[in-house]
Amino acid sequence: MNTRGVLVMGKIKIKIDYTICGDGSKIDPRECTVCLKVCEPAIFLLHQSLDFEEEDDRYDPKIWRVTPVYPSLCTLCMECVNKCPENAITIKS
Amino acid sequence: MCDHCLKHGTAGKWYLNAKLYSNELAEELDLKEFLMEQYKSFEAMQVRKFGGFSAVGMGYKMQMPIIGRIVKYTAEKMLHTEKPSRNPFKAEGHIGQVIPLDDAIAILETCVPEGSLIMKYCMCRYMHKGEKEACCINFGIMSEIIDKLPRFIPEPEDSKFRITKEEAIEKFTEFNKKGYIGTIWYGAYPYINNLCACQTPMCAGFRPRTEFGIKSIFKAEYVVENNPNNCQGCKRCITMCQFGAIDFDEKNKVSVIDQTKCYGCGVCLHACRFDALRIVGRKEIPALAHEY
């Protein structure tokens, strides 16, 4: 089985504060995309927020969020935490 | 040849069977509505939960002793299913294969329905990096579907939306020379609707395989062979390979291809100026004949 990422200290938990970024809050992640670009193992994915399906236009959704989908690949480089203009990302390991 | 090709292919390959691209097949399978629903929120597919389980944190799930195997089995079963799909929010029957340039040109020339070719922004690039790159060729009923989804339609400065076969071949060749891997996809088995030019790790189709060993995409019907007599040891092919399948023999100063890692995409051939690389059929090498 070829999985990257080693369970050194247990799971890495990456959290994005959705009251600051995404889900129709202050920042639209589609305009920013900094965490997506600085993450070398491409852990973050940009996608439309699911809970807003009824209010948002499903052909042209406007409410998006970023989710860390592959936290097992995180190298703890902290680039995302440091570069996020709104300090919306926290990482615990 | 692989079982799938035996069942579906003419000329030995499933993706060269023009019937699988036809609008009639798409109508028969009632796929327009299905694909429309799927593409409206395709980016969110990886975070959707099915039975309390989603792709988020896949790496950790795969590392658990028994659960890891169940996860892999379930994911592959869903991707490889040949049953007609009902749920557009699951990636059922959404499987693809790597193809080299010549096969992609054959597909564009002979299999794709007339007047249905479009170029759209690659959804995977957008999801992973927030970048809009117009490198994904769709055909058949997809032109009617993407027409209604403005985020996929390229800006005029990036690309034309509706393209001719010649333009598609020209564009695809350009991407192949840049090192983007050609891949052909079932929209939902058995209808083929998508020819993409992929870059790992920014491809949602490749990642489950390259990161976690889940067969979300199959290796090509080919592998690449290096001729050490022609090879000058310039190493340009090594920088092209996205799978790390090419090593360098320091003593003899030639590139060595690890054919067990080679996906047969053939982009390394564009880097070689000495005619040392050659694409050969996978089944010609006994140990690789069934290794997809």
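Hydrogens, waters and symmetry mates are skipped; everything else that's a heavy atom, side chains included, is used. If you're wondering where the values come from, they're calculated on a predicted model, not measured in any experiment. Proteins come first, then strands; the chains are lettered A, B, ... in the order of their sequence lines, and each starts at number 1.
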Validation row: A:Tyr70, B:Val56 side chains within 4.5 angstrom (heavy atoms):
no
Interatomic spacing from NZ in B:Lys129 to SG in A:Cys35 - rounded to 0.5 Å
9.5 Å
Do A:Arg30 and B:Tyr126 have side-chain heavy atoms sitting under 4.5 Å apart?
yes
How long is the span from the CD atom in B:Glu211 to the CD1 atom in A:Ile43, to the nearest 0.5 Å?
9.5 Å
Okay, A:Ile12 and chain B: the region with an atom under 4.5 Å from a heavy atom over there is both
Quick one, B:His128 and A:Leu45 - any side-chain contact, counting heavy atoms below 4.5 Å?
yes
Within a strict 4.5 Å, meaning less than it, do heavy atoms of the B:Lys61 and A:Ser72 side chains meet?
no
Measure distances from A:Pro29 to the heavy atoms of chain B and classify the residue's part below 4.5 Å as side chain, backbone, both or neither.
neither
Counting heavy atoms not belonging to A:Glu40, are there more than 12 under 6.0 Å from its CD?
no
Please look at B:Met36 and chain A and tell me whether the side chain, the backbone, both or neither of the residue comes under 4.5 angstrom of a heavy atom of that chain.
side chain
Quick check: closest heavy atoms across B:Arg151 and A:Pro61, and the distance to 0.1 Å?
NH1-CD, 3.4 Å
Enclosure of B:Phe248 CZ (heavy-atom neighbours >12, cutoff 6.0 Å):
yes
Give, for atom CD1 of B:Ile145 and atom OH of A:Tyr59, the distance between the pair rounded to the nearest 0.5 Å.
10.0 Å
Report the C-alpha separation of A:His47 and B:Met45 in whole Å, then their side-chain angles, then the decisive distance to 0.1 Å, and conclude whether the side chain to side chain contact (heavy atoms under 4.5 Å, CB included) test is met.
CA-CA 9 Å; A:His47 62 91; B:Met45 181 173 286; over 6 Å; no
Counting neighbours of CD1 on B:Ile285 that are heavy atoms of other residues, nucleotides or ligands and sit closer than 6.0 Å, is the number greater than 12?
yes
Would you call B:Glu37-A:Arg58 a salt bridge at under 4.0 Å N-O?
yes
Do the side chains of B:Arg48 and A:Leu50 get nearer than 4.5 Å, heavy atoms only?
yes
Answer yes or no: is there a side-chain heavy-atom contact under 4.5 Å between A:Gln48 and B:Lys40?
no
B:Tyr39, part contacting chain A, at a heavy-atom distance under 4.5 Å:
neither
Evaluate the side-chain proximity of B:Val47 to A:Val69: yes if any heavy-atom separation is below 4.5 Å, no if none is.
yes
